[in-house]
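Data block below; observations after.
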Amino acid sequence: MDSVDWSETDLQLIHALQIHPRAPWSLVGAVLGVSPATVARRWARLNDAGLAWVTGYRAYGPRSVADPASAMVIARCVPARVTAVAAELATHPECPAVEVVSGSGDLALIVAADDREALIDYLLGRFAAVDGLLPVRTMWVTRYFTEGSRWRLRALTREQTRVLQAEAGPRPALAGPSPGRADPAGERLVDLLAEDGRMAYAELAARAGTSEPTVRRKVRALLESGRLALRCDLAPQAAGRPVLVTLTARVPADRLEAAGRTLAQLPETRLVAGVVGDADLWAGFWLPTIADTHRLERTLLERLPELHVVDRLVGMRSVKRVGQLLDERGRLPRGEPA
């Protein structure tokens, strides 16, 4: 199944879950004008094929991070070891995202830890010890302007979007992926929701060994605190945007905020972070073709003439995204651990 096989209802369903990842099927069906059984069946088909899924992941909450606990890394590898290095790094909880790329590096990584000292220990220790890893460039994240949980397919009307947003409630503070820990009970719930972000409350309660009302309260508290993020994700090929492009850029210090916000509003944008290192901004995009990179950069030149692109990385294979291991097509493997 690829993007041309998807019905409008499939696209609307995914957009609905992007807005409200744990929305009951009764609500989704009412918004889409179909029965709850129909949307449940369509979701099961997409999910079983590994084309779309809801992920729960640990997050840290503030829009501004005073003491960075996250960084973007561009790494070179021994040529024969690129895929092996990517696979090994994907087993590290401190690497929630691993992408094989072409350009000035072989891998584009997000690394994160509970605090800056823990992240330094990781980068100088287990990370640096990976066989085949060559010198890396590290850019410390100072804030996220947007990330994948806020990207939308734009398949719903404004009224449908409004209804779902009202039911979902206020969005939590913008978060970036992190292996940071909550309390033990909350930690168990985060781990379970990482398996399936739509796991039923009854199953969550049974597997966590507690009551359903307690689980509901804890999940709500984790989301509101920013310690847990939920997002409906999908294979970029299935979305009709199979090309993943990362740009790093310099901007004048007094234009960083405005530039970050402008980048975050582009429909192709999946991630924008303010960083300290070789660049001031790190931005990731999903594009229909490689040639669309030129169109994207023309748009940036028109809207942000003060922005200077430092680096361009074209994704070749997504190995891991917000903690989920992916197959060679960027889909969530089924029938094996994720």
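Quantities reported herein were computed from a predicted structural model and do not represent experimental measurements.
Side chain of Trp151 to main chain of Pro267: a donor-acceptor pair is present (N/O by atom type, distance under 3.5 Å, no hydrogens or angles). Put simply, the side chain of Glu167 never gets that close to the backbone of Ala23: no donor and acceptor are under 3.5 Å apart. Checking side-chain atoms of Ser318 against main-chain N and O of Gly330 turns up no donor-acceptor pair under 3.5 Å. Side-chain atoms of Gln237 come within 3.5 Å of backbone N or O of Arg329 as a donor-acceptor pair. Of the possible polar contacts, none joining the Thr246 side chain to the Leu313 backbone as a donor-acceptor pair under 3.5 Å is found.
Considering only heavy atoms from C-beta on, Gln265 stays 4.5 Å or farther from Arg303 through its side chain. Under the 4.5 Å side-chain criterion, counting only non-hydrogen atoms from C-beta, Arg321 is not in contact with Glu99. Taking 4.5 Å as the limit, some side-chain heavy atom of Leu271 sits within range of a side-chain heavy atom of Met72. The closest side-chain heavy-atom distance from Trp6 to Leu234 is below 4.5 Å. Using a 4.5 Å heavy-atom cutoff, the side chains of Val275 and Thr248 are not in contact. Within the 4.5 Å cutoff, the side chain of Val245 has no heavy atoms near those of the Asp292 side chain.
Cluster annotation: Leu304 is connected to Leu287 through the hydrophobic network of ILVMFWY side chains, with a link wherever side-chain heavy atoms come within less than 4.5 Å. Residues Ile120 and Val111 share a single hydrophobic cluster, defined by chaining ILVMFWY side chains whose heavy atoms lie under 4.5 Å apart. By the criterion of side-chain heavy atoms lying less than 4.5 angstrom apart, applied directly or through intervening Ile, Leu, Val, Met, Phe, Trp or Tyr residues, Met316 is grouped together with Leu89 in one hydrophobic cluster. Residues Val314 and Val309 share a single hydrophobic cluster, defined by chaining ILVMFWY side chains whose heavy atoms lie under 4.5 Å apart. Leu263 and Val276 are members of different hydrophobic clusters when ILVMFWY side chains are connected at heavy-atom separations under 4.5 Å.
Shortest non-hydrogen contact noted between Val243 and Thr289 is CG2-C, 3.6 Å. For the residue pair Ile14 and Ala52, the shortest heavy atom distance occurs at CD1-CB, 4.0 Å. When all heavy atoms are compared, the tightest approach of Leu107 to Cys77 is CD1-SG, 3.6 Å. Here the shortest heavy-atom pairing between His92 and Lys320 reads O-NZ, 3.1 Å. Closest approach of Asp278 and Met139 over heavy atoms only: N-CG, 3.7 Å. Contact between Glu257 and Arg261 at its shortest, heavy atoms only, is CG-NH1, 2.8 Å.
Note that the CD1 atom of Ile19 and the CD atom of Gln165 stand 5.5 Å from one another [nearest 0.5 Å]. Taken to the nearest 0.5 Å, the CD atom of Glu212 stands 10.5 Å off from the OG1 atom of Thr210. Interatomic distance, Leu307 CG to Arg250 CZ, rounded to the nearest 0.5 Å: 11.5 Å. The distance from the CG atom of Leu228 to the CG atom of Leu189 is 8.5 Å, given to the nearest 0.5 Å. Taking CE from Met199 and CZ from Arg22, the interatomic distance works out to 9.0 Å, rounded to the nearest 0.5 Å. For the atom pair Gln12 CD and Leu17 CG, the distance stands at 12.0 Å (nearest 0.5 Å).
More than 12 heavy atoms of other shown residues, nucleotides or ligands fall within 6.0 angstrom of atom CG in Leu134.
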Exercise for review: List the steps and the verdict of side-chain contact (heavy atoms from CB on, under 4.5 Å) for Leu156 and Leu32.
Suggested key: CA-CA 9 Å; Leu156 298 174; Leu32 272 55; 4.1 Å; yes

Exercise for review: Test Trp53 against Gln324 for side-chain contact (heavy atoms from CB on, under 4.5 Å), laying out the working first.
Suggested key: CA-CA 10 Å; Trp53 57 93; Gln324 295 285 6; 4.2 Å; yes

Exercise for review: For side-chain contact (heavy atoms from CB on, under 4.5 Å), just list the numbers for Leu123 and Val136, CA-CA rounded to whole Å, side-chain angles, deciding distance to a tenth of an Å, and then say yes or no.
Suggested key: CA-CA 10 Å; Leu123 289 171; Val136 303; over 6 Å; no

Exercise for review: Go through the steps for His15 and Gln160 under the test side-chain contact (heavy atoms from CB on, under 4.5 Å), then give the verdict.
Suggested key: CA-CA 10 Å; His15 188 175; Gln160 289 172 316; over 6 Å; no

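Counted by atom type alone, Thr161 and Arg158 present zero donor-acceptor pairs between their side chains at under 3.5 Å. In summary, the side chains of Thr55 and Asp233 do not present any donor paired with an acceptor at a separation below 3.5 Å, with no hydrogens or angles considered. Residues Arg317 and Thr83 bring no donor and acceptor atom of their side chains to less than 3.5 Å of each other.
Just one residue in the list Arg152, Arg241, Arg295 forms a salt bridge (charged side-chain N to carboxylate O under 4.0 Å, His left out) with Glu268, and that residue is Arg295. Exactly one of Val319, Leu325, Leu326, Val73 qualifies for a side chain to side chain contact (heavy atoms under 4.5 Å, CB included) with Val98. That residue is Val319. A side chain to side chain contact (heavy atoms under 4.5 Å, CB included) with Val272 holds for exactly one of Tyr144, Phe145, Trp282; it is Phe145.
Ring pair Trp25/Trp43 is tilted by interplanar angle, where 30° to 60° counts as tilted.
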